[in-house]
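The sequence lines fix the lettering, A, B, ..., with proteins before strands; numbering per chain opens at 1. Only this structure's heavy atoms are used, side chains among them; waters, hydrogens and symmetry mates stay out.
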Amino acid sequence: MSKNDTYIYFTEGECEKKAIDTLKNTHLQSGKIRVYNVLQKPITDYIIRQFKEKSIVILVFDTDVNINIDILQKNIDRLNSAKNIKKVILIPQVKNLEEEIIYSTNIKAIRQLLNSKSNKDFKTDFINCNNVLDKLTDANFDFSKFWSQSPTGVFRIFRNDSNQIKKS
Amino acid sequence: MIVMNLELDNLFAFENFKINFSYPKKIVNSTIPNEHLVNKPNFRYKKVNILMGSNASGKTSVGTALREIFNFISRKELERITSKIKNPLKTASFAIDFLFNEDELYRVSFEYDSNKNTIVEIFSTKIGKGDSYEMCIKKLKPIMTESVNYIEKFKYFDGRFGWLFTFPEQGSNFLVDDTDNIANVEILKYILKTLDPSILDVIKSTEVENTYIIKLKQEDLVIQNGEIIKKENILSSGTKEGINLSYVVSSICKNSHGFYYCDEKFSYIQSDIEIAILSLMIELLKPNSQLFFTTHNLDVLEMTLPIHSFTFLKKEQKIEVVYPTDIIKKNDKSLRNAVKNDIFGIAPNIDLLFELQEVCADVKE
């Protein structure tokens, strides 16, 4: 991949957006981030038309849902056939962001990361937190474990390409 | 005139806002040579400031704030500031560091509380031969302490301020009252002919004051007091914008104002022409003067300028400044690529426009 490439992340929600925003530049290839659930919504020409030449599209999606993967597969096929897309990178989260964080830190429950009142409150706390990287570091965050697992079940057909955008 | 630092709280669109115009070290082979006070090379200031950011990120507001502060100080019109307080129940404040020449640095600090009490303080320090801005601010001492109110204090600055602000909605009103004959007909001609190749010539009327004639193949158009006399004329929006721009370039060329804020004047103008005119403005800038230039044109990022010339503004909870030099340390890195991949976190959020597609799908014909 060359330094002239343009990277665009598609993430399911605001928490993933916050996580990528926090990790980009230091741990991850930087890019623009769009909140768009690629498991549920088709990536149409309206969106594809906006990509620059040689765009690299990174799809980040959860694998904890019992969902038909047809839309995701069609999205990947459509992106792969678009002239302005250089590459599609898949990042299946096992099974969601919270579990990825637990797997790559020393916390046992997600509420422990930000001392949230409950696991439910974590999402809001995470989005509003101004020092996520510090909190991850405090919890012995091992970036090599983050986004490192392969999905199972219906999602097992999607490879995990995260190494292509991780900074060594 | 040079502005070195601006802080604003609860004023205009800003909360706890700070923007600084010094830079830490000399750039080798910079295309903006001598970016420091002429005889005090350690006093480095950003001579060229290109402000970029999404819509409503504060580019125009920075200009408006500076203009109103200059007006407040030089015309002693408090209303210029108090009418721009966001929350009247809270104290509003600003502090501005500036200099008129190489001799002295000034700071004006202002506070206006919810009981309408006004506190104005002026500080100053001599700028020594080897001083930097950072050294000088440590030496600032209050002056005019015997004066009881801001009107008395601001008399200290009488007749010393000079500025030229131009905003998108302004039209070509600089020419309305050009009693100092700043507009240069040659500059007007070259810029208008670039913007519209069908223009054959531009001349200044010898019979009517403040009047220019644009000669076209089919007809002549008269610009009188900044207005094109014939309303239904064939000039494009960009060409009309060129009339005002010519005045700004003339002013920089004559160094008539010393401080220039050019806010999004190129919305109707082709990118190569914008870059050429910006480059000309930079070339014409005289020592100890300063240019501010706001734009949405990403091609400007590819100009060979020091990275410190660029400052990004972004608005999330409040307006914030992002200095690319905090992230990119080497001047040979592509700023354009960095912005393209949103390294500075300044890209607009267009998620709603993605959703709009679905909303539109539900709209009945």
Trainee: More than 12 foreign heavy atoms under 6.0 Å from OH of A:Y46: is that the case here?
Mentor: yes
Trainee: Does any N or O in the side chain of B:N341 come within less than 3.5 Å of the main-chain N or O of A:D5, such that one atom is a donor and the other an acceptor?
Mentor: yes
Trainee: Should the ring pair B:F354 and A:F10 be called parallel, tilted or perpendicular, given that the plane angle runs from 0 to 90° and is split at 30 and 60?
Mentor: parallel
Trainee: At their closest point, which heavy atom of B:I343 faces which heavy atom of A:N25, and how far apart are they?
Mentor: O-ND2, 3.0 Å
Trainee: Should the heavy atoms of other residues, nucleotides or ligands under 6.0 Å from NZ of B:K86 be counted, would the total exceed 12?
Mentor: yes
Trainee: Using the side-chain contact (heavy atoms from CB on, under 4.5 Å) rule, take B:L353 and A:Q50 through it: C-alpha gap first, then chi angles, then the decisive distance, then the call.
Mentor: CA-CA 12 Å; B:L353 293 179; A:Q50 299 175 42; over 6 Å; no
Trainee: Short question: side chain of A:K24, backbone of B:D342 - any donor-acceptor pair under 3.5 Å?
Mentor: yes
Trainee: Kindly give the heavy-atom pair with the smallest separation between A:I33 and B:D351, and that separation in Å.
Mentor: O-OD1, 4.4 Å
Trainee: How about B:E283: does its CD atom have over 12 heavy atoms from other parts shown lying under 6.0 Å from it?
Mentor: no
Trainee: Count the heavy atoms of every other residue, nucleotide or ligand shown that sit under 6.0 Å from NZ of B:K26, and state whether that count exceeds 12.
Mentor: no
Trainee: If you count every heavy atom of other residues, nucleotides or ligands that lies below 6.0 Å from A:K52 atom NZ, does the total exceed 12?
Mentor: no
Trainee: Please report the closest heavy-atom contact between A:K32 and B:V339, naming both atoms and the distance.
Mentor: CE-O, 4.1 Å
Trainee: So for B:Q317, is it side chain, backbone, both, or neither that comes closer than 4.5 Å to the heavy atoms of chain A?
Mentor: neither
Trainee: With a 6.0 Å cut-off (strictly less than), is the heavy-atom count around NZ of A:K167, excluding the residue itself, greater than 12?
Mentor: yes
